[in-house]
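Working notes for the structure below.
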Amino acid sequence: MAELRWNPLLKTWTMVASNRQQRPNMPKDWCPFCPGSGRVPDNYDVYKYDNDFPALTQSPGQPDVDGNDLYKVAQNYGKCEVILYSPEHTKTLPELEVSHIYKLVNLWTERFAELSKDEKIKYIFEFENRGEEVGVTMPHPHGQIYGYSFVPLKVKVELDSCKEYFKEHNECMICRMNREEKDFEKRVIYENESFIAYIPFFTDYPYGVFIVSKSHKGNFTEFTDKEKWDLADILKKVTGAFDTLFERLFPYMMCIHQTPVNCEEYKDSADYYHFHIEFYPPLRDANKIKYYASSEMGAWAACNTLAVEQTSEQLREALRKFLDKIGG
């Protein structure tokens, strides 16, 4: 089965993709993303790979079930790509040089620009799942891109909130958030000339860092070369702080939020929406998971188990140790 099914309670689409049930756990002695596998070039730095088990496709078949006015169905149109960070199987994002991560930022930018040419695609979501705790079955360093034919619900809520705030205050809400966090200081983890990283006042997760552009820009294609280098720099340092915090590989979901594309409803989103990266790290201690349980999942009512003013200080100290280790 492969289709979109309408959820009339939440007014959003659910992707049905039974082919993803067949995703393998990787054998220890072979990886399709490593050079020599026959699946990728023998030499690459970063690389785009079409997902072998896509939830969305640009050549969809007809839905396998019939819909009606309540239970609507639609083709699972879209694009799913894998973004390989490095040819080295065990390399992690903070272990890469800033110059290498800069190449990754350029590949994200290139893919955003290319996928936006498809007028059926309305939202481009670039992300990384890292660690077994968030369901990763492929340890080779990589992220993914989903090009949706709709604007996903959580992003839609953000867009609507930012649009409402802009109409009331004539300014971008996320620009205001940057000022609030900069003035308060205690939740800021790191900043450079172009980006600022902080654990926001309201975050769901104890170590839920946001990386936010200091300038009001909506997506990768608007960044200058300097801003791309600075984004590479802050990505290395934030993820390095994560791994240093508990001296272990730190699991997370890294979600890149940008303006929609080809979308009449949000055609003016560049006025009020703002590029940022949201991290959802499930650890609340070295070996304790903060589960997204009934209140969070069933009522969308988050409960953070630690004060972010406390966890911000811990993460800043971890960053200091990481910079000492790499000589930064």
Any donor-acceptor N/O pair, D230 side chain to N192 backbone, under 3.5 Å: no
Separation of C31 SG from M138 CE (nearest 0.5 Å): 5.5 Å
Nearest 0.5 Å, what's the CD-CG distance between E126 and L107? 8.5 Å
Measuring from L249:CG to F242:CZ, what's the distance to the nearest 0.5 Å? 12.0 Å
Whether Q310 side chain and A307 backbone form a donor-acceptor pair below 3.5 Å: no
Given 3.5 Å as the limit, does a donor-acceptor pair link the side chain of K91 with the main chain of S86, or not? no
Which atom pair, heavy atoms only, marks the closest approach of L235 to I277? CD2-CD1, 4.1 Å
Mark yes when over 12 heavy atoms from residues, nucleotides or ligands other than D225 sit less than 6.0 Å from its CG; otherwise mark no. yes
Does the side chain of N219 pick up a donor-acceptor pair with the side chain of T259 at under 3.5 Å? yes
Is there side-chain contact between S312 and I189, with heavy atoms separated by less than 4.5 Å? yes
For the pair F125 and Y148, name the ring-plane relationship: parallel under 30°, tilted 30 to 60°, perpendicular over 60°. tilted
Quick check for you: to the nearest 0.5 Å, what is the distance between Q58 atom CD and C80 atom SG? 10.0 Å
Check for a donor-acceptor pair, side chain of N262 on one end and backbone N or O of K117 on the other, with a separation under 3.5 Å. no
Regarding R111 and E114, does a basic nitrogen lie under 4.0 Å from an acidic carboxylate oxygen? no
Could you check V73 against V16 for side chain to side chain contact (heavy atoms under 4.5 Å, CB included), going step by step and ending with a plain yes or no? CA-CA 10 Å; V73 295; V16 177; over 6 Å; no
Can you tell me if E97 and Y102 form a side-chain donor-acceptor pair at under 3.5 Å? no
Please assess Q75 against Q62 for the test side chain to side chain contact (heavy atoms under 4.5 Å, CB included), listing each intermediate value before the final yes or no. CA-CA 6 Å; Q75 292 181 318; Q62 291 302 312; 3.0 Å; yes
Test side-chain hydrogen bond (donor to acceptor under 3.5 Å, both in side chains) on D160 and Y266 and set out the steps. CA-CA 9 Å; D160 290 344; Y266 297 112; 2.6 Å; yes
With side chains defined as the heavy atoms from C-beta onward, is the minimum distance between Y252 and V209 less than 4.5 Å? no
Donor-acceptor check, side chain of N7 to backbone of L10, threshold 3.5 angstrom: yes or no? yes
Inspect the contact between K167 and E164 and indicate whether a charged nitrogen and a carboxylate oxygen are less than 4.0 angstrom apart. no
Could you tell me whether a side-chain N or O of N51 sits under 3.5 Å from a main-chain N or O of I145, the two making a donor and an acceptor? no
Rounded to the nearest 0.5 Å, the CG atom of D42 sits from the SG atom of C34 at a distance of 11.5 Å
Please check: side-chain N/O of N76 versus main-chain N/O of A55, any donor-acceptor pairing under 3.5 Å? yes
Does the side chain of T311 reach to within under 4.5 Å of the side chain of R284, using non-hydrogen atoms? no
Answer yes if the side chains of Y190 and D233 hold a donor-acceptor pair under 3.5 Å, and no otherwise. yes
Minimum-distance pair of heavy atoms, taken over all atoms of H140 and F33: CE1-O, 3.4 Å
Given the rule in the side chain to side chain contact (heavy atoms under 4.5 Å, CB included) test, do Y146 and K79 qualify, once you have shown the distances and angles that lead to the verdict? CA-CA 6 Å; Y146 277 23; K79 186 75 189 295; over 6 Å; no
Report yes if the side chains of V151 and E265 come closer than 4.5 Å at any heavy-atom pair, otherwise no. no
In this structure, CZ of F223 is separated from CG of N106 (nearest 0.5 Å) by 12.0 Å
Under 3.5 Å, is there a donor-acceptor pair between the N129 and Y280 side chains? no
Side-chain heavy atoms of K237 within contact of L323, under 4.5 Å: yes
If you define the side chain from C-beta out and look only at heavy atoms, does anything of F166 sit under 4.5 Å from D268? no
Residues Y123, Q258; criterion side-chain hydrogen bond (donor to acceptor under 3.5 Å, both in side chains); working and verdict: CA-CA 8 Å; Y123 196 81; Q258 306 180 79; over 6 Å; no
Please tell me whether K182 and Y198 have a donor and an acceptor in their side chains that are separated by less than 3.5 angstrom. no
Check: R130 and F250 side chains under 4.5 Å, non-hydrogen atoms: yes
Taking R248 for its side chain and A286 for its backbone only, find out whether a donor-acceptor pair lies under 3.5 Å. yes
Sub-3.5 Å donor-acceptor pair from the side chain of H274 to the main-chain atoms of K214, do we have one? no
Any donor-acceptor N/O pair, S149 side chain to K120 backbone, under 3.5 Å: no
So, do I121 and V261 sit near enough that their side-chain heavy atoms are less than 4.5 Å apart? yes
Taking every non-hydrogen atom, the tightest pair across E128 and L93: OE1-CD2, 4.2 Å
When you look at CD of E168, are more than 12 heavy atoms from neighbouring residues, nucleotides or ligands closer to it than 6.0 Å? yes
Search all heavy atoms of P282 against all heavy atoms of V134 and return the closest pair with its distance. CG-CG1, 3.9 Å
Is the number of heavy atoms from other residues, nucleotides or ligands under 6.0 Å of E193 CD greater than 12? no
Please determine whether side chain to side chain contact (heavy atoms under 4.5 Å, CB included) holds for the pair F275 and I256, giving the CA-CA distance in whole Å, both sets of side-chain angles, and the decisive distance to 0.1 Å. CA-CA 8 Å; F275 177 97; I256 301 174; 3.6 Å; yes
Using a cut-off of 6.0 Å, state whether more than 12 heavy atoms not belonging to K186 lie near its atom NZ. no
